[in-house]
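To start, the structure itself, in structure tokens.
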Amino acid sequence: MVYVPSTGPRTLYDKVFDAHVVHQDENGSFLLYIDRHLVHEVTSPQAFEGLENAGRKVRRIDCTLATVDHNIPTQSRKNFKSLDTFIEQADSRLQVKTLENNVKQFGVPYFGMSESRQGIVHTIGPEEGFTLPGTTVVCGDSHTSTHGAFGSLAFGIGTSEVEHVLATQTIIQAKSKNMRITVNGKLSPGITSKDLILYIIGLIGTAGGTGSVIEFAGEAIEALSMEARMSMCNMSIEAGARAGMIRPDENTFSYTKGRPLAPKGAEWEKAVAYWKTLKTDEGAKFDHEINIEAADVIPTITWGTSPQDALPITGSVPDPKNVADPIKKSGMERALSYMGLEANTPLKSIKVDKVFIGSCTNGRIEDLRCAAAVVKGHKLADSIKLAMVVPGSGLVKKQAEEEGLHKVFQEAGFEWREAGCSMCLGMNPDILEAYERCASTSNRNFEGRQGALSRTHLMSPAMAAAAGIAGHFVDIREFEYKNQDKGSPKVEVTSDDEKELESAAYDHTEPVQPKEATQDVANDELKDIPVKSNDTPVKAAASGMKPFLTLEGVSAPLDKANVDTDAIIPKQFLKTIKRTGLKTGLFYEWRFRKDDQGKDQETDFVLNVEPWREAEVLVVTGDNFGCGSSREHAPWALKDFGIKSIIAPSYGDIFYNNSFKNGLLPIRLDQQIILDKLIPIANKGGKLCIDLPNQKILDSNGAVLVDHFEIEPFRKHCLVNGLDDIGITLQKEDFISKYEALRREKYSFLEGGSKLLKFDNAPRRKAVTTTFDTVHQDW
Ligand SMILES: CC(C)[C@H](C(=O)O)[C@@H](O)C(=O)O
Ligand code: SF4
């Protein structure tokens, strides 16, 4: 079906979406072209394995860039010799080495641990100019939304979709709704974009943006630096949105100009002329509009276990007694008990054990400058057990060191680390102990996020730094800065500051690429221009998906809202390079408690109790099941346990997608119908019968409980037939090639991509041999 974009007024999202449509099929689903694909070690092993098993190659290595970030230790790399000696945790090491093998085998440009440009995947994309305005950007990571700060359509995908993009350079998408959040007026001094986004999530909730792409607009947004915009868009996933976007403007262009992979000369001019058209037209329709007064935003922190549990620092811990809705009330009680907090405690009086400054939300140079301005001349409070600063990338670290920020932190007692995700998620050794309370600049405060039973409070870098100095949360507006040239926190960052980072982006030396991969990259100019495949049978998915027709199975009740994928499968189980064996990890923190000997003992969680141990249908009462991280391990774990269908009022977008790719059927139903008709059966462990072809739910006697449930026709088709959608997409090869030809003309400034990165095998200092027999610099 030929897609004809609307000729009427369009939103920024509509325009970027329309510019990437390769094909629209009869039942309305779109095939979108992907300009930029970032890859990291956690969500790619199974995707590369699928590619290899099917004998497929990476279609556009120039559109692909890989790095390691989640698993790597952040201690000094001065003595880095090889992954074998540097990464102690065997499963982390395996995941990193698997990525290294994959990039070598498939020829993907890669920033490994000995490369000065390595960093968190969402930091390096913009830094290198790989992320460009108006592009489509994906990554097997939910915080891909970060890149929307450039007016690109950027979203997280699951591992099956990673494989799909690697093989086809496209993704199957439904059109999201348009939502606009306009922030009028100016932010007050000392208020950062982190405060603003926490304020917004507190207002609209973690499901507030579900099914939508949010455009952030208004005077306060236009005044933000690019890095501050990235922090905003980064956390739009925490508002449940498919993506966040900000229209590209002069600020965007000057940040992008001159970056290693940004277009140059005439191509730059052509690009800017196009990028200037990327703004919402007068009269374009939004499905939801929200207006916010910037002056209402004051320093904001979270108190609970969801990013929506955000409050002004002047407030107190909320009291469940004041909440009428029983699901919300019990959620609040649980959060208070998990966080070890009493209702009505003033936030400023809460004591902190550890401080973490870093992550893809707030690990950029401006963030470090803000935090250093607070720390300068102070010492950490005696009660602080550990405070760490983890730059988002090697280049951020280098820049900070050139400015002497590391000394400011170290003199105050902070640890200065190497780049990576670190304690944001703790897939590496940087974790909190049970019950420790952390002032964190990251983006998620879910139960167990930074370590089992750990307690996370989200806030801006300045607020986290100040909490380290005071030993408790403080209102940054009342903080006494010492030894400052100017007296107030440096929250406004000028484009001059951005220029400095830009120069750091150029100033890298002798990065290292595995030898074979470099050669592939260099020689593959022609090979990666796609050729029509003669051999594209539609076959069963790599995940081993079987056709889904009807299911009759024991149903289990789950009376919770906002069940995040960190809870469904905690981080320690993400280190596998397989899709199977995740049964034990399912709801691990809820299903198991350690006994005195440190052994796992089962709790009375519903899935540990007969007859629900054999449950095949999970009936959830609360909204937003599977929100948060893009980990496809969540549906893998549910399936491994035996769950084949979930029924809930609403879902996190990425989880919803991922489920279909694995033959797990997520059904959306009105909450009242769930409560009235299904929960009574699930509470008794009764069976539910799901008839997918007829879209009905029945009880075990054949009585119809739900006459009709909605499901998109394309998804139903794939599920009922157990189809591999990569095979389906490869049948559209003609459309993809045609789009690529158009793209080479119209968007010629996107050609080249990561292939333009310069890699050099020359050793910087002492050469050492790695697993690939290639030389790595000794840091
Ligand atoms: C590991 C990855 C799948 C995950 C994500 O998608 O966000 C991680 O980055 C996180 O922050 O939880
Ligand atoms: S949210 Fe944390 S773990 Fe996820 S990509 Fe960002 S820094 Fe890494």
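For reference, positions follow the sequence shown, starting with 1. From a predicted model like this one, the values you see are computed outputs, not experimental measurements. Ligands are counted one by one from 1 in listed order, and the atoms in each one are counted from 1 as well.
Of all heavy-atom pairs between His70 and Met427, the closest is O-CB, 3.6 Å.
The distance between the ring centers of Phe150 and Tyr255 falls below 6.0 angstrom.
Annotation: cation-pi pair Lys560/Trp590 present, NZ/CZ under 6.0 Å from the ring centroid and within 45° of its normal. A cation-pi arrangement is present between Arg668 and Tyr656 under the rule of less than 6.0 angstrom and at most 45 degrees off the ring axis.
Regarding atom 4 (C) of ligand 1, its nearest protein heavy-atom neighbour is Ser629 OG, 3.3 Å. Looking only at heavy atoms of the protein, atom 7 (O) of ligand 1 is closest to Ser142 OG, 2.5 Å. In terms of protein heavy-atom proximity, atom 8 (C) of ligand 1 is closest to His70 NE2, 3.4 Å.
Of the candidates Gly158, Ser145, Ser630, Ser630 brings a heavy atom nearest to atom 6 (O) of ligand 1. By heavy-atom distance, the residue among Arg631, Lys571, His40, Arg449 lying nearest atom 11 (O) of ligand 1 is Arg449.
Taking the ring-ring contact (aromatic ring centres under 6.0 Å, His included) definition, one finds that Tyr199 meets it with nothing, sequence neighbours left out.
Metal site remark for atom 8 (Fe) of ligand 2: His143 contributes no N, O or S atom at a distance under 2.8 Å. Atom 2 (Fe) of ligand 2 lies under 2.8 Å from an N, O or S atom belonging to Cys424.
Side chain of Asp367 to main chain of Arg364: a donor-acceptor pair is present (N/O by atom type, distance under 3.5 Å, no hydrogens or angles).
Counting heavy atoms closer than 4.0 Å to ligand 1, residue Asp141 contributes atoms from both its backbone and its side chain.
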